[in-house]
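For reference, the structure is listed below as structure tokens.
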Number of protein chains: 2
Amino acid sequence: MGKRIVPDIVVARLPLYLQTLKQLQREGEYTTSSNGLGKRIDISAAQIRKDLSHFGEFGKQGTGYAISYLIEQLEEILNVNQVWDMALVGVGFLGHAIANFRGFNSHGFQVKLIFDNNPTVIGSNIAGFIVQDSNKMEEIIQEHNVKVAMITVDSDHAQEVADRLVKSGVKAILNYAPVTIKVPEGVQIQYIDPIIELQHMTYYLD
Amino acid sequence: MGKRIVPDIVVARLPLYLQTLKQLQREGEYTTSSNGLGKRIDISAAQIRKDLSHFGEFGKQGTGYAISYLIEQLEEILNVNQVWDMALVGVGFLGHAIANFRGFNSHGFQVKLIFDNNPTVIGSNIAGFIVQDSNKMEEIIQEHNVKVAMITVDSDHAQEVADRLVKSGVKAILNYAPVTIKVPEGVQIQYIDPIIELQHMTYYLD
DNA sequence: GTATATAAGTTAAATTTATCACAAAAAAAT
DNA sequence: ATTTTTTTGTGATAAATTTAACTTATATAC
Ligand SMILES: NC(=O)c1ccc[n+]([C@@H]2O[C@H](COP(=O)([O-])OP(=O)(O)OC[C@H]3O[C@@H](n4cnc5c(N)ncnc54)[C@H](O)[C@@H]3O)[C@@H](O)[C@H]2O)c1
Ligand SMILES: NC(=O)c1ccc[n+]([C@@H]2O[C@H](COP(=O)([O-])OP(=O)(O)OC[C@H]3O[C@@H](n4cnc5c(N)ncnc54)[C@H](O)[C@@H]3O)[C@@H](O)[C@H]2O)c1
């Protein structure tokens, strides 16, 4: 109860808090405060406290937050106190980079399946994975009970691939193709698009 | 006058409008409406009209928006009615993918310079660019008057690289390393981080 | 030609989001 | 032991953002 009423904009900030806490931990810190954390990421202390207050009380007055405890709690809230297997569809340049990216592992994710529709790529070994035929996506994804996927195909095929992922039972899609995708209620979608970010910045340049 | 008072959250949506308009154009459409555009990207018609109203009047009652005209106008607003030369720092797996990405060109950007600090990479040809020594970043970037850069080095070196980019006169940085970076007032920074997006989504999964 | 439908731009209202300010608690200093 | 400082969690307030409603203009149907 109460989980659904947390504003999405608050949820969106939690991963950044988690990332920063982990970094503080790597730097040898054991505690921090809403102020200290906020300074790192340019977010007001009040906002951080307000955000966390949606989920419980994690700090101690006068002291602040025990970093390892807050990390644990945030990982639980974000459901990354487990490792999500992921499917990657499209092994071009970008898919290749992502398949080789080792950074997912310690943050709740791991690539498990890789698909492409190009016969010259299917069957080859990329980053330790055998590239599978995307025609068999539905059965293979279902069989492995994969719920999270990344799309790195050209934008012309992104919607079609998304549809098939949804049919396969995937509930969260990270789409790198520069196109908006329709998914049914209950399926999460997020976008990564450098051009969107670059154009956002050039607005402020002359 | 009045440019600075447009809320950033509005500015952030403009590139998405532009992307979608370009796609409609590729599909052979000549006009659209706030309603039609909004349906594509799940944004209310009222919001689109409100957003655009910050910059002028671009539509026609009863008809909607002439796509090619609105594209032109948005490109001008976002300062992408020109091509921005970009520097790319860090040519690992991800940098390799970005260097080879052809999608920037038609949207106001082009990779111009590539840097790395690894002697075995420096001097090699990647996607038609000779990888330059990142020790010489300052002078080379200044010489080419590059104002936009992408960081694809490991997170331990991202801040240091950002500092040097700023010193070189770069005014907009797209950072792929999973770490928050400090830049002086007047320098734009945006982040691309798949883990942040994935964790945002897994919150909603069980 | 008139009526109906479409759709922009805008003003006002509603909603959401962020900030402020303070009481309570703990820690540090005197 | 007492005072001062730090810091959380929160209720109240302020600010920002979105939605809805309305006016005006254009286009289409009859
Ligand atoms: N490379 C980048 O740095 C970069 C950056 C941002 C966005 N993107 C976007 O990411 C996507 C991929 O970029 P890329 O440079 O790797 O392109 P790419 O052409 O190198 O790779 C695309 C891959 O997808 C495969 N594919 C196409 N249709 C498919 C389908 N229906 N099912 C399975 N596989 C399919 C192709 O065989 C190919 O291997 C594009 O949409 C691009 O716009 C790329
Ligand atoms: N590969 C991905 O899919 C992916 C996805 C998301 C984020 N990232 C992030 O992007 C960054 C790069 O990832 P990657 O997989 O390409 O790593 P990588 O190790 O393959 O590449 C890093 C490159 O940066 C260079 N480098 C390091 N320090 C440098 C410096 N001071 N100056 C110039 N060059 C320097 C290295 O020589 C290397 O070539 C990392 O921060 C990673 O977390 C990568």
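Computation of the quantities below employed the complete heavy-atom set of this structure, encompassing side-chain atoms and omitting hydrogens, waters and symmetry-equivalent molecules. So you know, we letter chains A, B, ... as the sequences are listed, proteins then strands, and number each from 1.
In A:Lys136, the NZ atom is not crowded: 12 or fewer heavy atoms of neighbouring residues, nucleotides or ligands sit closer than 6.0 Å.
Of the candidate nucleotides D:dA27, D:dG9, C:dT19, C:dT19 has the atom lying nearest to any side-chain atom of A:Lys50. Here D:dT18 is the nucleotide among D:dT18, C:dG9, D:dT7 with the atom lying nearest to any side-chain atom of B:Arg13. Of all nucleotides listed (C:dA8, D:dT10, C:dA26), C:dA8 comes nearest to the side chain of B:Ser33.
Listed pair A:Ser44 / C:dT19 meets the phosphate criterion, a side-chain N or O lying under 4.0 Å from OP1 or OP2. At least one side-chain nitrogen or oxygen of A:Tyr65 sits closer than 4.0 Å to the OP1 or OP2 atom of D:dG9. Note on A:Ser34: a side-chain N or O is less than 4.0 Å away from OP1 or OP2 of D:dT8. Close to D:dA27, at under 4.0 Å from its OP1 or OP2, lies a side-chain N or O of B:Lys60.
Atoms CG (A:Asn35) and C1' (D:dT8) sit 12 Å apart, rounded to a whole Å. To the nearest angstrom, P of D:dA20 lies 11 Å from CZ of B:Arg49. Remark: P of C:dA26 and CZ of A:Phe58 are 18 Å apart, rounded to the nearest angstrom. For the pair A:Leu37 CG and D:dT7 C1', the computed distance is 14 Å after rounding to whole Å. Protein atom CG of B:Asp51 is 12 Å distant from nucleotide atom P of C:dG9, rounded to whole Å. Atom CG of B:Leu70 and atom C1' of C:dA8 are 12 Å apart (whole Å). One can place CD1 of B:Ile5 at 17 Å from P of D:dA15, the figure rounded to the nearest angstrom. Atoms CZ (B:Phe55) and P (C:dG9) sit 13 Å apart, rounded to a whole Å.
B:Leu205 and A:Asn79 make their closest contact through O-ND2, 2.5 Å (heavy atoms, listed as atom of the first residue, atom of the second, distance).
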Expected list for residues 103-112 of chain B: side-chain donor-acceptor pairs under 3.5 angstrom, two or more places apart:
residue: B:Asn105; atom: ND2; partner: B:Arg102; partner atom: O; Å: 3.0
residue: B:His107; atom: ND1; partner: B:Gly103; partner atom: O; Å: 3.0
residue: B:Gln110; atom: NE2; partner: B:Asp85; partner atom: OD1; Å: 2.9

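The residue B:Leu52 sits apart from the nucleic acid: no heavy atom pair falls under 4.0 Å.
Between the side chains of B:Asp8 and A:Tyr204, at least one donor-acceptor pair of N or O atoms lies under 3.5 Å.
For the atom pair A:Ile151 CD1 and A:Leu88 CG, the distance stands at 10.0 Å (nearest 0.5 Å).
Judged by closest nucleotide on DNA chain C, B:Ser53 is the one of B:Ser53 and A:Ile9 placed further toward the 5' end. Map A:Glu57 and A:Gly62 each onto its nearest nucleotide of DNA chain D; the residue landing nearer the 5' end is A:Gly62.
Below the 3.5 angstrom threshold, one finds a donor paired with an acceptor across the side chain of A:Gln61 and the base of D:dT8. Taking 3.5 Å as the limit, the base of D:dT18 and the side chain of B:Gln47 contain no donor-acceptor pair of atoms between them.
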